[in-house]
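As the structure is a computational prediction, the values presented were derived from the model and not from experiment.
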Amino acid sequence: MESVNKKWAIKRLTINLTSSEAERLEKYCSITGRPATDIIRELIRSLTVESTPNAN
């Protein structure tokens, strides 16, 4: 079993993808040689989130 790096084991997320979405992700991973987890993290980090005045 693969060991999990504790700094990343903060929140585990399960997502449902359509077959075309899963195929697209798998193709991208194959082309880039990167794991899906890295791709998804990168996409999440690229999201622009507007902060609200009272948000901490």
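There is no path of hydrophobic side-chain contacts, each under 4.5 Å, that joins Ile31 to Ile39.
Here the straight-line distance linking atom OG1 of Thr18 with atom CD of Glu23 works out to 9.5 Å at 0.5 Å rounding. Remark: Glu26 CD to Glu21 CD distance equals 12.0 Å, nearest 0.5 Å. Separating the CD atom in Glu42 from the OG1 atom in Thr37 is a distance of 12.5 Å, to the nearest 0.5 Å.
No side-chain donor-acceptor contact under 3.5 Å links Ser30 to the backbone of Lys27.
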Next item on the list: Could you please spell out the steps behind the side-chain contact (heavy atoms from CB on, under 4.5 Å) verdict for Ile40 and Leu25?
Entry: CA-CA 9 Å; Ile40 294 166; Leu25 180 59; 4.1 Å; yes
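Within a 6.0 Å sphere centred on CZ of Arg24, other residues, nucleotides and ligands contribute 12 heavy atoms or fewer.
Across all their heavy atoms, Cys29 and Pro35 have their closest contact at SG-C, 3.9 Å.
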